[in-house]
Amino acid sequence: MERAELAGWLRLSLTPGIGDGAARRLLAAFGLPERIFSQPDAALREVVSHAQAEALAQPPNGLQAQIDLTWQWLQAGDDKVSRRVVTLGDAGYPASLLEMADPPLMLYVLGAIGFDLTQLGHSIAVVGSRNPTPQGATNARSFGRALGEAGLPVVSGLALGVDGAAHQGALDAAGDAPVLATVAVVGTGLDRVYPARHRDLAHRITLQGLIVSELPLGTPPLTQNFPKRNRLIAGLARGTLVVEAALQSGSLITARLTSEQGKEVFAIPGSIHSPQSRGCHALIRQGAKLVESVNDILEELPPLHAPRTASASPLYGNATGVAAASSSSPEDPLLEVLGFEPASLDALSARTGWGAAELQAKMLELELDGHVSRLPGGLFQRVAST
C-alpha cells in the first residue's frame, strides 16, 4: 500500500460522524477514499447527511500524526514477520467479514509472512472465562491442540484464561510446521500487547499465526472496544466453542453473534455447582451443541470450499477508472472478486464499488451462463468448473 492510499483510508476511518455504514455508501458511490475527498459538497450530500458532508471537507484532528505512526509501523516489518493494512476492497479481506452487517473498513494485521486472513475459512473460535477453573484451562489448551491437529486454525482474543490457553494449544499442535496455527483478534492497537503478561505468547503467534485489530495504532485497552472485537472473532471463524463462561460474560456475546451469523455454537458442559459453567449450560439449553471431544465439532462442520484465488484483485466501478469486464467467461474479474465463498450483493458492492442494479444484471448474466448459482438468503455461489 502506498502512503497516499493509506492516508485516504485513515482519513475516511477517522473522520468524526462517519461510521462504517456511511463509509461503505461513500465507497460504493465514488470508489477509493481519495476520490471521496475530491467530490463537491452537493455530490457528497446525495450519499450522506449535510453534517457528514461538512465533516468530510476537513481532515480530522491528528490525522497527519496517525499517518506518520502507521506508515512507520508498516515499514518496521522484517523477513519473518509482516505488517499489513487490509482494507475493505482488498482481495486479502476475509470474505466472511463481508457478510456481517458492519464489516470494518480497515484491518491491521501482524504476523508470519505467507499467512493471510483468507485462509481462515475453516477456523474455529475458542473463547471463555478470563478466570477459568483448572479443568477449564486444561480443556481450552487440549481443544486448541486437537483442533490444530485436525487442521483447523484457532481464533481467539489473546485474553487471560481460556483465550491464552487455546492459542497455546494451537501452537503446540503446529510445532515447527509452517502452518497458520492461530489468530488473535485484539481490542487495542497492534503497537500494544494487552494483557502485558501475554507478550511472549503474542510473539509466538506472530511467528506462526496472525494478530488482528480494526483499531488504529495507539488505541489503549478501552472497555467499549472489546465487544466490537468479539464480533470479529465470531465473523472470522466457522463456529465458536465456549469452554467456560459465567452468565454475564463477553464469551456469550461472541456466541450470540456467531449464532446470528448462522454459524455453529459449541459448548463444553461442567459442574452444576460451578458459576463458570452456567453460561455454557445456558447455551446448550438454547441449542448449542454439547461437546465432549473435538469430533463433536468436526462432524458439524459443512464441507470446506476451495480457498479464494490468491491473485484476485479488488474491482471498483468506473469511479476509479477501472473498466468493468464485459466477458462472462470463467476469467471474468467479477468471478475473481466473488471467490469460492457465498456472497451477497451488498458484499460484492463493497468489494467492487458497483451499484446494485449493475451487479444484479451482471450476476444474472453469469448465472445464465452457468458460472454462478443463486442460493437462499440472496447469496451467490461460484460454480466449480468441471
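By convention here, the first residue in the shown sequence is residue 1. These numbers were taken from a predicted model, which means no experiment stands behind them. Any value given below was found using the heavy atoms of this structure, including those in side chains, with hydrogens, waters and symmetry copies removed.
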(request) Answer with yes or no whether the hydrophobic clustering places Val193 together with Leu171; edges join I, L, V, M, F, W, Y residues whose side-chain heavy atoms lie under 4.5 Å apart. (result) no
(message) Do Leu232 and Pro104 have side chains that approach each other closer than 4.5 Å (heavy atoms only, starting at C-beta)?
(response) yes
(message) Could you check whether Lys289 pairs with Glu299 (Lys NZ or Arg NE/NH1/NH2 to Asp/Glu carboxylate O, under 4.0 Å)?
(response) yes
(message) When you measure from the centre of the six-membered ring of Tyr108, is the NZ or CZ of Arg84 closer than 6.0 Å and no more than 45° off the axis?
(response) no
(message) Grouping I, L, V, M, F, W and Y whenever their side-chain heavy atoms are under 4.5 Å apart, do Leu107 and Leu12 come out in a common cluster?
(response) yes
(message) Is a donor from one side chain sitting under 3.5 angstrom from an acceptor on the other, for Glu244 and Ser277?
(response) no
(request) Drop me the distance from His122's NE2 to Leu298's CG, to the nearest 0.5 angstrom. (result) 11.5 Å
(request) First locate atom CG of Leu180, then atom CG of Leu120, and finally report the distance between them rounded to the nearest 0.5 Å. (result) 5.5 Å
(message) Are Val186 and Leu69 linked, directly or through intermediate hydrophobic residues, by side-chain heavy-atom contacts shorter than 4.5 Å (ILVMFWY only)?
(response) yes
(message) Atom CD of residue position Glu292 - does it have more than 12 heavy atoms of other residues, nucleotides or ligands inside 6.0 Å?
(response) no
(message) So, taking the atom named CZ in Arg231 and the one named CD in Glu260, what distance separates them when rounded to the nearest 0.5 Å?
(response) 12.5 Å
(request) Please lay out, stage by stage, how Val155 and Val185 fare under the test side-chain contact (heavy atoms from CB on, under 4.5 Å). (result) CA-CA 7 Å; Val155 180; Val185 185; 4.0 Å; yes
(message) Can you see whether Gln52 engages Ser49 through a side-chain donor-acceptor pair at a distance of less than 3.5 angstrom?
(response) yes
(message) Membership question, hydrophobic clusters at under 4.5 Å side-chain separation (ILVMFWY): are Leu117 and Val81 in the same one?
(response) yes
(message) With a 4.5 Å cut-off on side-chain heavy atoms, are Thr240 and Lys263 touching?
(response) no
(message) Pairing donors with acceptors under 3.5 angstrom, does anything connect the side chains of Ser129 and Asn131?
(response) no
(message) Show the nearest heavy-atom pair for residues Ala170 and Thr182, with the distance to one decimal.
(response) CB-CB, 3.9 Å
(request) Take atom OH of Tyr194 as the centre, draw a 6.0 Å sphere, and report whether it contains more than 12 heavy atoms from other residues, nucleotides or ligands. (result) no
(message) Looking at Asp191 and Arg83, is any side-chain nitrogen of the basic one under 4.0 Å from a carboxylate oxygen of the acidic one?
(response) no
(request) Would you tell me whether Asn139 and Ser142 have side-chain atoms, one donor and one acceptor, within less than 3.5 Å of each other? (result) no
(request) Return yes when atom CD of Gln224 has more than 12 non-hydrogen atoms of other residues, nucleotides or ligands closer than 6.0 Å, and no otherwise. (result) yes
(request) Could you check if a side-chain atom of Asp172 sits within less than 4.5 angstrom of a side-chain atom of Arg141, using non-hydrogen atoms only? (result) yes
(message) Between Asp41 and Arg45 (salt bridge meaning N to carboxylate O under 4.0 Å), is one present in this structure?
(response) yes
(message) Can you tell me how far apart CG (Leu44) and CZ (Arg25) are? Round to the nearest 0.5 Å.
(response) 12.0 Å
(message) For the residue pair Asp68 / Gln64, report whether a side-chain donor-acceptor contact shorter than 3.5 Å exists.
(response) yes
(message) Can you tell me if Asp78 has over 12 outside heavy atoms packed within less than 6.0 Å of its CG?
(response) yes
